[in-house]
Amino acid sequence: MSEQLEQGAVIVLDEIVRRAVRAHASDIHLEPKRDRMNVRFRVDGEMIEEQSVPLDIAPEVISRIKVLARMDIAERRVPQDGQLTLSPESNLVHLRASSFPASLGEKIVMRILSGQALIPFEKIGLDPVTQAIVRELVDRPQGFLVTSGPTGAGKTSTLYSFMRLIDTRRTNVMTLEDPIEVELPQITQGQTNLKAGFTFATGLRAILRQDPDVIMVGEIRDTETAGIALQASLTGHLVLSTVHTSDAVETAVRLVDLGVEPWIVANALTAIFAQRLVRLVCRKCMEMVPLEADLLDGEDVVLPKGTLVPKPKGCAECIRTGYKGRTGIFEVVIVDDDMRELIKNKASPREYKVLLKKRGVATLRRIGLMKVKEGLTSVEEVMRVTI
């Protein structure tokens with residue numbers, strides 16, 4: 001009987017992963033309930049219910065994941081993590097698994113690593129003018145480019161796409177990540193390990209002794225990391241990194257608040273890319289409807305009443321969600337002399353906003369509403385991510 005259950009667990013797990021890959025899911029959630037094991041996929045940033053797993057086979061499915069991910073199968077009281085590889089459709093699928101002891105059993109989340117495929121630079125959502133600016137920035141021998149936004153806003157994917165513009169044959173590109181999301185064969189990637197004392201700060205110091213040209217730091221989390229990364233950009237390196245802030249103004253303020261000397265931040269910082277991901281309306285089932293009221297960005301009318309905008313409906317093609325795929329919306333701020341003065345003087349967010357408005361820098365909401373006007377996404381999506 002147990003052999004049958006084991007065989008069943010192999011088939012069930014393969015089928016779940018196969019369906020997730022077909023749906024272009026980024027994560028698979030297996031959640032213990034009293035009468036079943038709930039299965040949900042994260043597709044385009046949203047959770048989608050899938051067919052659940054019967055209670056009799058659920059423990060075997062969990063055990064199989066733990067064995068393949070080299071976790072301790074007998075340990076159910078503490079969280080564990082590991083990596084596994086499956087081949088449900090003859091092509092290999094790499095997954096990162098994480099277990100969490102819950103009241104009704106262990107919850108498992110598997111991140112599909114091959115699903116985090118590299119997005120071509122032209123497809124991340126930047127307009128042609130900004131694309132040209134970015135190409136020029138990554139060609140420079142030094143500078144500090146930072147992407148900002150909440151978790152899951154696509155910051156790392158943006159940096160990966162920037163790095164693909166760099167000629168890796170003529171430059172030494174090194175990264176320090178937590179964890180490595182996508183393997184890039186032409187560069188050297190490092191992964192932090194807190195247990196071993198390999199932090200962002202210690203890793204960065206080591207990278208600077210490796211004769212680097214371009215350094216990517218997964219995230220600026222503390223004063224020490226920020227200080228080393230910013231100093232590195234002043235001493236002839238191109239540094240790319242991410243910060244968990246909501247917009248460009250907050251990013252500039254945060255870097256100063258971390259305790260780094262304002263003059264260092266001002267002289268090192270080259271450009272800030274605040275970003276969000278919006279879901280694209282499904283081309284098969286969308287319909288165009290007129291706006292019932294003006295849509296504003298601050299006091300400015302961006303889309304007047306009556307403008308035709310896409311409305312998602314839902315069909316088999318988009319798993320009844322009305323959306324298929326995602327694109328980025330970006331607030332792009334190039335640091336100029338005026339902005340450097342504000343950073344050096346520890347200016348308030350209001351002063352930054354006045355300057356950016358004077359310069360005509362489009363906000364995330366305005367950029368998002370322009371995507372609505374182009375028929376790419378819905379008003380609801382833009383409002384959701386630009387609160």
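Here the structure is a predicted model, which means the values were calculated and not measured. All values below were derived from every heavy atom in this structure, side-chain atoms included, with hydrogens, water molecules and symmetry-related copies excluded.
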> Donor-acceptor check, side chain of Ser148 to backbone of Val243, threshold 3.5 angstrom: yes or no?
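No: the side chain of Ser148 does not pair with the backbone of Val243.
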> Is there a path from Val335 to Trp263 through hydrophobic residues (I, L, V, M, F, W, Y) whose side chains come within less than 4.5 Å of each other?
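Cluster IDs for Val335 and Trp263 match.
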> May I ask you to test the Ile367-Val332 pair for a side-chain heavy-atom distance under 4.5 Å?
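In short, these two side chains do not touch, never coming nearer than 4.5 Å.
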> Considering only heavy atoms from C-beta outward, does the side chain of Asp27 approach that of Met110 to under 4.5 Å?
no
> Is a salt bridge present between Glu75 and Lys66, judged by a nitrogen-to-oxygen distance below 4.0 Å?
no
> Using a 6.0 Å cut-off, check whether atom NZ of Lys373 has over 12 heavy atoms from anything other than its own residue.
no
> Working note: Arg384 + Glu46, criterion salt bridge (Lys or Arg N to Asp or Glu O under 4.0 Å); need CA distance, chi angles, decisive distance, verdict.
CA-CA 12 Å; Arg384 179 177 69 84; Glu46 296 293 302; 3.3 Å; yes
> Show your working on side chain to side chain contact (heavy atoms under 4.5 Å, CB included) between Leu176 and Met216 and close with a plain yes or no.
CA-CA 6 Å; Leu176 189 58; Met216 177 191 141; over 6 Å; no
> What verdict does the side chain to side chain contact (heavy atoms under 4.5 Å, CB included) test give for Val173 and Thr188, after you've listed the backbone C-alpha separation in whole Å, the side-chain angles of each residue and the deciding distance to 0.1 Å?
CA-CA 6 Å; Val173 183; Thr188 305; over 6 Å; no
> State whether the side chain of Asn345 and the backbone N or O of Ala347 hold a donor-acceptor pair below 3.5 Å, judged by distance alone.
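No; zero donor-acceptor contacts below 3.5 Å.
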> Starting at CG of Asp81, measure out to CZ of Arg111 and round the result to the nearest 0.5 Å.
13.0 Å
> Could you tell me whether the side chain of Ile220 reaches within less than 4.5 Å of the side chain of Phe200, counting heavy atoms only?
no
> Would you say that Leu269 contacts Val146 through its side chain, given a criterion of any heavy-atom pair below 4.5 Å between the two side chains?
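Yes, close enough: below the 4.5 Å cut-off.
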> If you group Ile, Leu, Val, Met, Phe, Trp and Tyr by side-chain heavy-atom gaps below 4.5 Å, do Ile272 and Val260 land in one group?
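Linked within one cluster.
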> Can you get from Leu342 to Leu258 by hopping between Ile, Leu, Val, Met, Phe, Trp and Tyr side chains that sit under 4.5 Å apart?
yes
> Going by the side chain to side chain donor-acceptor pair (under 3.5 Å) test, name the single residue among Glu31, Glu50, His29 that passes it with Arg40.
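Of Glu31, Glu50, His29, side chain to side chain donor-acceptor pair (under 3.5 Å) with Arg40 is met by Glu31 alone.
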> Is there a path from Met370 to Phe330 through hydrophobic residues (I, L, V, M, F, W, Y) whose side chains come within less than 4.5 Å of each other?
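The answer is no; the residues belong to distinct hydrophobic clusters.
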> Surrounding NZ of Lys344 (heavy atoms of other residues, nucleotides or ligands, distance under 6.0 Å), is the total greater than 12?
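More than 12 within 6.0 Å, yes.
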> Tell me whether Gln51 at atom CD has more than 12 heavy atoms from other residues, nucleotides or ligands lying less than 6.0 Å away.
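It does not: Gln51 CD has 12 such atoms or fewer within range.
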> Starting from the C-alpha separation in whole Å, work towards a yes-or-no answer on salt bridge (Lys or Arg N to Asp or Glu O under 4.0 Å) for Glu374 and Lys371.
CA-CA 5 Å; Glu374 290 168 38; Lys371 299 261 185 202; 5.3 Å; no
> Within the side chain of Gln231, is there an N or O that forms a donor-acceptor pair under 3.5 Å with the backbone of Ser233?
no
> Give a yes or no answer on whether the side chain of Lys155 reaches the backbone of Gly149 with a donor-acceptor pair at less than 3.5 Å.
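Yes, the answer is positive, given that a donor and an acceptor are paired below the 3.5 Å cut-off.
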> Side chains of Glu381 and Ser378: is there a donor and an acceptor less than 3.5 Å apart?
no
> Quick one: CG on Leu86 to CG on Leu84, what's the gap to the nearest 0.5 Å?
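One gets 5.0 Å once the value is rounded to the nearest 0.5 Å.
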> Exactly one of Arg18, Glu60, Arg64 should register a side-chain contact (heavy atoms from CB on, under 4.5 Å) with Leu13. Which one does?
Arg64
> Please check if the distance between the ring centroids of Phe273 and Phe162 is under 6.0 Å.
yes
> Name the residue from Thr386, Asp300, Asp297 that meets the side chain to side chain donor-acceptor pair (under 3.5 Å) definition with Thr363.
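Between Thr363 and the candidates, side chain to side chain donor-acceptor pair (under 3.5 Å) is satisfied uniquely by Asp297.
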> If you measure only the distance, is there a donor-acceptor pair under 3.5 Å linking the side chains of Tyr323 and Thr377?
no
> Roughly how far, to the nearest 0.5 Å, is CD of Glu292 from OG1 of Thr307?
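Separation between the atoms: 12.5 Å.
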> When you measure from the side chain of Thr192 to the backbone of Asp178, do you find a donor-acceptor pair of N or O atoms at a distance under 3.5 Å?
no
> Would you find a donor on one side and an acceptor on the other, under 3.5 Å apart, between the side chain of Gln189 and the backbone of Val182?
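Yes; at least one donor-acceptor contact below 3.5 Å.
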> Verify the neighbour count for atom CZ of Arg283: are there more than 12 heavy atoms of other residues, nucleotides or ligands below 6.0 Å?
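For Arg283, atom CZ is crowded (more than 12 foreign heavy atoms under 6.0 Å).
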> Is there a side-chain contact between Leu295 and Val379 in this structure, where contact means two heavy atoms from C-beta onward sitting under 4.5 Å apart?
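Sidechains of Val379 and Leu295: in contact.
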> Would you give the length of the straight line joining atom CD of Glu183 to atom CG of Leu113, rounded to the nearest 0.5 angstrom?
8.5 Å
> Please determine whether a side-chain nitrogen of the Lys or Arg among Asp257 and Arg254 lies less than 4.0 Å from a carboxylate oxygen of the Asp or Glu.
no
> Just wondering, are more than 12 heavy atoms of other shown residues or ligands nearer than 6.0 Å to CZ in Arg76?
no
> Is it true that Asp14 and Arg19 have a side-chain N and a carboxylate O under 4.0 angstrom from each other?
no
> Counting distance only, does the side-chain N/O of Arg36 pair as donor-acceptor with the main-chain N or O of Pro54 below 3.5 Å?
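Such a contact is absent between Arg36 side chain and Pro54 backbone.
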> Please evaluate residues Asp247 and Arg365 with respect to the criterion salt bridge (Lys or Arg N to Asp or Glu O under 4.0 Å), reporting the C-alpha separation (whole Å), side-chain torsions for both, the decisive distance (0.1 Å), and the verdict.
CA-CA 11 Å; Asp247 58 19; Arg365 176 158 292 182; over 6 Å; no
> Under the side chain to side chain contact (heavy atoms under 4.5 Å, CB included) rule, what do Val53 and Ile16 come out as? Steps first, then yes or no, please.
CA-CA 10 Å; Val53 173; Ile16 289 170; 3.9 Å; yes
> Go through the steps to decide whether Leu308 and Val289 satisfy the test side chain to side chain contact (heavy atoms under 4.5 Å, CB included), and finish with yes or no.
CA-CA 5 Å; Leu308 287 177; Val289 297; 5.8 Å; no
> How many angstroms lie between CD in Gln131 and CG in Asp127, if you round to the nearest 0.5 Å?
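Output value for this atom pair is 7.5 Å.
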> Would Arg205 and Glu224 satisfy salt bridge (Lys or Arg N to Asp or Glu O under 4.0 Å), going step by step from the backbone distance to the final call?
CA-CA 10 Å; Arg205 282 201 186 90; Glu224 197 177 4; 2.7 Å; yes
> Looking at Gln80 and Met71, would you say the former's side chain and the latter's main chain have a donor-acceptor pair under 3.5 Å?
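Between the backbone of Met71 and the side chain of Gln80 there is no qualifying donor-acceptor contact (under 3.5 Å).
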> Test your reading of the model: is there a side-chain donor-acceptor pair from Glu351 to the backbone of Ser348, 3.5 Å cut-off?
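Yes.
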> Whether the side chain of Glu331 engages the backbone of Ala248 through a donor-acceptor N/O pair (distance < 3.5 Å, no angle test) should be reported.
yes
> Hey, are the side chains of Val109 and Ile28 touching, using non-hydrogen atoms and a 4.5 Å cut-off?
no
> Begin from the C-alpha positions of Glu250 and Ser246 and carry the test side chain to side chain donor-acceptor pair (under 3.5 Å) through to its verdict.
CA-CA 6 Å; Glu250 201 186 315; Ser246 61; 2.5 Å; yes
> When rounded to the nearest 0.5 angstrom, what is the spacing between CG in Leu255 and CD1 in Ile343?
8.0 Å
> Ignoring hydrogens and angles, state whether a donor on the side chain of Gln275 or Thr158 is under 3.5 Å from an acceptor on the partner side chain.
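Per modelled atom types, Gln275 and Thr158 side chains form a pair under 3.5 Å.
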> Decide, yes or no, whether a salt bridge links Glu136 with Arg140 under the criterion of side-chain N to carboxylate O below 4.0 Å.
yes
> According to a 4.5 Å side-chain heavy-atom criterion applied to Ile, Leu, Val, Met, Phe, Trp and Tyr, with indirect links allowed, do Val10 and Val93 form part of one hydrophobic cluster?
no
